[in-house]
2 protein chains.
Amino acid sequence: MARKQSAKNSGSGPAGVAARRVPMRDFSRSLPMSLLRAREAVMRQFRPSLRHHELTEQQWRILRALAAVETIEVTELARTAFLLGPSLSRILRDLEARQLIERRVAEADQRRAVVSISADGLKLIAAVAPSSEAIYAAITKRFGARRLAELQEMLAALEHSLSAMEVAEEGSVEADQ
Amino acid sequence: MARKQSAKNSGSGPAGVAARRVPMRDFSRSLPMSLLRAREAVMRQFRPSLRHHELTEQQWRILRALAAVETIEVTELARTAFLLGPSLSRILRDLEARQLIERRVAEADQRRAVVSISADGLKLIAAVAPSSEAIYAAITKRFGARRLAELQEMLAALEHSLSAMEVAEEGSVEADQ
DNA sequence: GGCAAATGATTAACATGTTAAATGGTTAGG
DNA sequence: CCTAACCATTTAACATGTTAATCATTTGCC
């Protein structure tokens, strides 16, 4: 932690640092950073297992979403797996090439694509699920099941709070209360 | 392979779903997803304002981290702004080209680079800070200051819990509990 | 001093996030 | 009907996430 900081108020760096005082809270304690760090701490536990099966986090999300339904349209899948259209489009192309999913156009509406998981996809899920569940159980045990449920509830409440909040548009930067 | 896709039975049809049963919890309720959705809900509020100033979320993190110190080495900055080296490297190159930061090599150790914010960078922060603070205040008011502090505490606790947890390595996928 | 190992930073390669535009298909008004 | 508006999906373009490799420098050790 002992960082050599040759800094006085007149050392190297930009001259005249008096203007540095901008009144903002310590950004490392900001909500976005807290959420980012917490999520990273969680995902760090899962990534090695997924990587061992040649799966990214997003690919795993898609497979799991598909495993829960018979078929699903792309737009609905994007909402379920919480991915944007372009990302989903690319990943589905790859998963289809790996024959982990199947895709066909909807009969009623030729614009829509209907996706489903393949037998290979189900096999892959069955292969990954045990270690994934074990990791989740370990996290739950370490943090506390009650505490974890409480956290999830707060996260859902936060999400719900903000969903009703309209986003400040550009052009009038200071017109948001 | 032969999978029926009869009509609009995209939910939980009782037909032909027997092989699909893999015992996993609903992934949309998983902790990673909860954290991801919560963070996205928060960032959705900030992105338009940042975009209005031609800043990405990560660039903004770097500028704010730089504004809090006189100078900082790249490795330390990566830890502070929670970015991986390669991402930071690219972003610093761009920010330097836009003259929002300054960079020089450390005298003691030629491998290390020392970064500081420029006068233009400070001006940009001053321009963005008001709306950013306003948005944060709106979030705090809507969710509740106490509740927010409580959430942050739980997130920090979760991070701390997992930091002590050793990551399961590859090679022995099924050797856990 | 000299050299292998370690270190800080960057580059490479590929996957995803993000916004805008393009591509086909569908629907509504005239 | 016919076309303009709309809709679902994909493609494009650029920024970042992620791991591995590279490059230059420094350090440890004899």
Side-chain angles (χ1 to χ4, degrees), chain A residues 3-4 32 36-37 39-44 46-62 72-79 81-98 101 103-115 167 169-170, chain B residues 32 36-37 39-44 46-62 72-79 81-98 101 103-115 167 169-170:
Chain A
R3 205 153 48 75
K4 45 186 173 185
L36 180 59
R37 279 198 302 252
R39 189 176 135 80
E40 178 53 31
V42 174
M43 287 313 303
R44 194 192 319 279
F46 289 99
R47 257 189 282 269
S49 165
L50 292 178
R51 179 169 176 70
H52 186 246
H53 292 276
E54 308 273 66
L55 282 175
T56 67
E57 179 195 336
Q58 292 82 0
Q59 293 167 350
W60 178 238
R61 287 217 302 270
I62 292 174
I72 189 172
E73 288 177 7
V74 171
T75 298
E76 173 78 0
L77 179 57
R79 182 165 40 246
F82 209 69
L83 292 169
L84 294 179
S87 295
L88 182 54
S89 209
R90 286 178 301 219
I91 301 174
L92 288 181
R93 168 165 39 77
D94 297 347
L95 292 180
E96 190 175 23
R98 290 164 69 181
I101 68 167
R103 177 157 45 169
R104 61 186 66 181
V105 296
E107 296 150 19
D109 187 337
Q110 301 286 104
R111 293 171 303 182
R112 299 166 190 265
V114 176
V115 185
V167 177
E169 263 317 312
E170 330 191 1
Chain B
L36 180 60
R37 279 197 302 252
R39 188 177 136 80
E40 178 54 31
V42 174
M43 286 313 304
R44 194 193 318 279
F46 288 99
R47 257 189 280 270
S49 166
L50 292 178
R51 180 170 175 69
H52 186 245
H53 292 277
E54 308 274 64
L55 282 175
T56 67
E57 178 195 336
Q58 291 83 358
Q59 293 167 349
W60 178 237
R61 288 216 302 271
I62 292 174
I72 190 172
E73 288 177 7
V74 170
T75 299
E76 172 78 2
L77 180 56
R79 183 164 42 247
F82 210 69
L83 292 169
L84 295 179
S87 295
L88 183 55
S89 211
R90 286 176 302 220
I91 301 175
L92 288 180
R93 167 164 40 79
D94 297 347
L95 293 180
E96 191 176 22
R98 290 164 69 179
I101 68 167
R103 176 157 45 166
R104 61 185 68 181
V105 296
E107 296 149 21
D109 188 338
Q110 300 288 105
R111 292 171 304 183
R112 299 166 190 267
V114 175
V115 186
V167 178
E169 262 320 309
E170 331 190 0

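Chain naming here is simple, since letters A, B, ... match the order of the sequence lines and numbering starts at 1 in each. Keep in mind the model is a prediction, meaning the values are calculated, not measured.
For the side chain to side chain donor-acceptor pair (under 3.5 Å) test, residues two or more places apart in sequence or in another chain that qualify with A/Glu40 are A/Arg47. By the salt bridge (charged side-chain N to carboxylate O under 4.0 Å, His left out) test, B/Arg103 pairs with B/Glu96, sequence neighbours left out. A/Arg93 meets the side chain to side chain donor-acceptor pair (under 3.5 Å) test with no other residue; sequence neighbours excluded. In this view, A/Asp109 and A/Arg111, A/Arg112 satisfy the side chain to side chain donor-acceptor pair (under 3.5 Å) rule, not counting sequence neighbours.
Counting all heavy atoms, side chain and backbone alike, A/Leu88 lies closest to A/Val74 at CD2-O, 3.4 Å.
Atom CG in B/Leu83 sits 4.5 Å away from atom CZ in B/Arg61 (nearest 0.5 Å).
Between the B/Gln59 side chain and the B/Thr56 main chain, a donor and an acceptor come within less than 3.5 Å of each other.
Atom P of nucleotide C/dA9 and atom CZ of B/Arg104 are separated by 15 Å, given to the nearest angstrom. A straight line from CG of A/Leu77 to P of D/dA8 spans 15 Å, rounded to a whole angstrom. Between the CD1 atom of B/Ile72 and the C1' atom of C/dG8 there is a distance of 14 Å, given to the nearest Å. For the pair B/Glu73 CD and C/dA9 P, the interatomic distance rounds to 6 Å; values are reported in whole Å. Distance B/Leu50 CG to C/dT19 P: 11 Å, rounded to the nearest Å.
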When you compare the protein's N or O atoms with those of nucleotides 23-27 of chain C, which come within less than 3.5 Å of each other, and at what distance?
| residue | atom | partner | partner atom | Å |
| --- | --- | --- | --- | --- |
| C/dG25 | N2 | A/Arg111 | NH1 | 3.2 |
| C/dT26 | OP1 | A/Gln110 | N | 2.8 |

Counting primed atoms plus P, OP1 and OP2 as sugar-phosphate and everything else as base, spell out the protein contacts along nucleotides 12-18 of chain D at 4.0 Å heavy-atom distance: B, S or - for each nucleotide, 5' to 3'.
BB-SBBB

Please lay out, stage by stage, how B/Val115 and B/Ile62 fare under the test side-chain contact (heavy atoms from CB on, under 4.5 Å).
CA-CA 10 Å; B/Val115 186; B/Ile62 292 174; over 6 Å; no

